Amino acid sequence: MRLRELQYLGKAASLPMGEVEVVAATSDSRRVTPGTLFFACKGEHVDGHDFAQQAATRGAVAIVGEREGLQELAGLPY
């Protein structure tokens, strides 16, 4: 699936997503591989947003999260 096909999700609709291929999705930054869509969720003990840079380094193509007012996180579309 192309990242642009996911633009209908929330506020991402206004962001230029392009033709980046999404091959997987996860909320565990340790499982991110190139082409993964990373879901940054705030949990009871940790906040997934704190692992955005690790996800980016491992090859995430974009981040879906809960923080308001961000268009980019760790250099990736948010």
Side-chain angles (χ1 to χ4, degrees):
M1 174 177 286
R2 303 273 184 217
L3 194 54
R4 69 175 168 73
E5 295 176 83
L6 301 174
Q7 286 185 320
Y8 65 88
L9 295 175
K11 296 179 181 169
S14 63
L15 298 177
M17 297 294 189
E19 294 297 321
V20 175
E21 183 74 23
V22 176
V23 297
T26 187
S27 61
D28 185 340
S29 62
R30 297 168 295 183
R31 294 180 180 247
V32 171
T33 58
T36 299
L37 180 61
F38 178 64
F39 286 85
C41 304
K42 186 172 182 179
E44 186 175 338
H45 300 287
V46 295
D47 186 343
H49 296 84
D50 296 338
F51 298 95
Q53 187 58 55
Q54 180 181 357
T57 300
R58 296 176 67 87
V61 294
I63 299 172
V64 176
E66 302 172 313
R67 290 188 182 163
E68 293 292 325
L70 296 177
Q71 290 188 347
E72 190 174 276
L73 182 63
L76 297 174
Y78 178 77

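This structure is a prediction, so every number in the text was calculated from the model and none was measured.
In this structure, CZ in Arg67 is found 8.0 Å from NZ in Lys42, a value given to the nearest 0.5 Å. In this structure, the separation between OG1 on Thr36 and CZ on Arg58 is 9.0 Å, given to the nearest 0.5 Å. We find the CG-OG distance between Leu37 and Ser27 to be 11.0 Å, quoted to the nearest 0.5 Å.
Heavy atoms only, all atoms of each residue included: Ala74 and Ala56 are closest at O-CB, 3.7 Å. Contact between Ser29 and Gln54 at its shortest, heavy atoms only, is OG-OE1, 3.2 Å. When all heavy atoms of Ala52 and Ile63 are compared, the closest pair comes out as CB-CD1, 3.5 Å.
By the 4.5 Å heavy-atom criterion applied to side chains, Phe51 and Val46 are counted as neighbours.
Around CZ of Arg31, the count of heavy atoms belonging to other residues, nucleotides or ligands within 6.0 Å does not exceed 12.
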Tyr78/His49 under side chain to side chain contact (heavy atoms under 4.5 Å, CB included): CA gap, chis, key distance, verdict: CA-CA 11 Å; Tyr78 178 77; His49 296 84; 3.0 Å; yes
CA sep, side-chain torsions, deciding dist, call: Phe38, Leu76, side chain to side chain contact (heavy atoms under 4.5 Å, CB included): CA-CA 10 Å; Phe38 178 64; Leu76 297 174; over 6 Å; no
